Peer 1: 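Here it is: the structure, laid out below.
Start at 1 and go down the list; that is how both ligands and their atoms are numbered. Worth saying up front: this structure is predicted, and the values here are computed from it rather than measured.
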Amino acid sequence: MSRLDSMLRRLTAQRDGLNWAAKMIASLEGDVLDLGLGNGRTYDHLRETCADRRVWVIDRVLQCHPSCVPPAENFLQGEAEPMLDRLALSGHRIALAHYDFGFGVKEKDLAEAVAMSPAVAKVMVKGGIIVSGQPLVGFEELTGPEGIPPGRYQFYRA
Ligand SMILES: C[S@@+](CC[C@H](N)C(=O)[O-])C[C@H]1O[C@@H](n2cnc3c(N)ncnc32)[C@H](O)[C@@H]1O
C-alpha cells in the first residue's frame with residue numbers, strides 16, 4: 001500500500017471514529033478533550049461535531065493552523081501528564097477523548113500511550129469514550145464504527 005493510501009485510510013478512520021464517538025456520548029454529560037493539537041485538524045473537527053460541548057486541548061506547543069487556535073481557557077499547554085492532572089483537579093470531566101500523541105517511532109509511541117493511560121482515566125466520566133491512535137490500557141475495548149480495519153484506530157469505554 002502506498003504511503004498516500006495509508007495516510008488516507010488513517011485519516012478516514014480518525015474522522016469516522018470521532019463522528020461515531022460523538023454519537024456514542026449523546027446521553028452522557030461531560031466535555032471533549034483532544035490530546036495533541038498539532039495542525040488543529042481533529043480539534044477543528046471536534047469543535048464542529050460537538051459544538052454544544054467545551055473542547056479542551058492539550059499540547060506542549062501551539063503550532064496549529066491560524067484558524068484552529070483554541071480559546072486560551074481551553075488550551076492546556078505543557079506536557080500531557082501534568083496537564084491531565086491539572087484538568088482532573090479542576091473538576092471538569094471528559095465524555096469524549098481523542099488520543100493523538102506520537103513521535104512516529106512505534107516502540108516509543110506504544111510506551112508513552114501505556115504510561116499515559118492512568119492519567120487519561122482520571123479525567124474521564126464513567127462510560128466516556130476514547131478514540132485513540134495508539135493502544136491504551138485499563139479501558140474496555142470497543143469495536144468502533146464499521147469499516148475500520150482492526151488495529152488501525154482504537155476505541156475504548158472508560
Ligand atoms: C500527531 S500530532 C496531533 C495532530 C492533530 N490531532 C491534528 O489533527 O492536527 C501530535 C501532537 O502531540 C504533541 N505531543 C506529543 N506528545 C506530547 C506530550 N507528551 N505532551 C504534550 N504534547 C505532546 C506534539 O507536540 C504534536 O503537536
Peer 1: Within the side chain of N39, is there an N or O that forms a donor-acceptor pair under 3.5 Å with the backbone of C64?
Peer 2: no
Peer 1: For atom CD of E146, is the number of surrounding heavy atoms from other residues, nucleotides or ligands below 6.0 Å larger than 12?
Peer 2: no
Peer 1: Does the pair Q14 and Y153 meet the rule for a side-chain hydrogen bond (donor to acceptor under 3.5 Å, both in side chains), with working shown?
Peer 2: CA-CA 7 Å; Q14 196 174 55; Y153 232 76; 2.9 Å; yes
Peer 1: If only side-chain N and O atoms count, and only distance matters, is there a donor-acceptor pair under 3.5 Å linking H45 with D34?
Peer 2: no
Peer 1: Determine whether the aromatic ring centres of F155 and W20 lie less than 6.0 Å apart.
Peer 2: yes
Peer 1: What I want to find out is whether D31 reaches R93 closely enough, with some N-O distance under 4.0 Å, to be called a salt bridge.
Peer 2: no
Peer 1: Note down each nitrogen or oxygen pair, ligand 1 side and protein side, whose separation is under 3.5 Å; give only atom names and the distance to 0.1 Å.
Peer 2:
{"from": "ligand 1", "atom 1": "6 (N)", "to": "G36", "atom 2": "O", "distance (Å)": "2.9"}
{"from": "ligand 1", "atom 1": "6 (N)", "to": "T42", "atom 2": "OG1", "distance (Å)": "2.8"}
{"from": "ligand 1", "atom 1": "6 (N)", "to": "D100", "atom 2": "OD2", "distance (Å)": "2.7"}
{"from": "ligand 1", "atom 1": "8 (O)", "to": "T42", "atom 2": "N", "distance (Å)": "3.0"}
{"from": "ligand 1", "atom 1": "8 (O)", "to": "T42", "atom 2": "OG1", "distance (Å)": "3.2"}
{"from": "ligand 1", "atom 1": "9 (O)", "to": "L37", "atom 2": "O", "distance (Å)": "3.4"}
{"from": "ligand 1", "atom 1": "9 (O)", "to": "N39", "atom 2": "N", "distance (Å)": "3.1"}
{"from": "ligand 1", "atom 1": "9 (O)", "to": "G40", "atom 2": "N", "distance (Å)": "3.1"}
{"from": "ligand 1", "atom 1": "9 (O)", "to": "R41", "atom 2": "N", "distance (Å)": "3.3"}
{"from": "ligand 1", "atom 1": "19 (N)", "to": "R60", "atom 2": "NH2", "distance (Å)": "3.3"}
{"from": "ligand 1", "atom 1": "19 (N)", "to": "E112", "atom 2": "OE2", "distance (Å)": "2.8"}
{"from": "ligand 1", "atom 1": "20 (N)", "to": "A80", "atom 2": "N", "distance (Å)": "3.0"}
{"from": "ligand 1", "atom 1": "22 (N)", "to": "R60", "atom 2": "N", "distance (Å)": "3.2"}
{"from": "ligand 1", "atom 1": "25 (O)", "to": "D59", "atom 2": "OD1", "distance (Å)": "2.7"}
{"from": "ligand 1", "atom 1": "27 (O)", "to": "G38", "atom 2": "N", "distance (Å)": "3.4"}
{"from": "ligand 1", "atom 1": "27 (O)", "to": "D59", "atom 2": "OD1", "distance (Å)": "3.4"}
{"from": "ligand 1", "atom 1": "27 (O)", "to": "D59", "atom 2": "OD2", "distance (Å)": "2.7"}

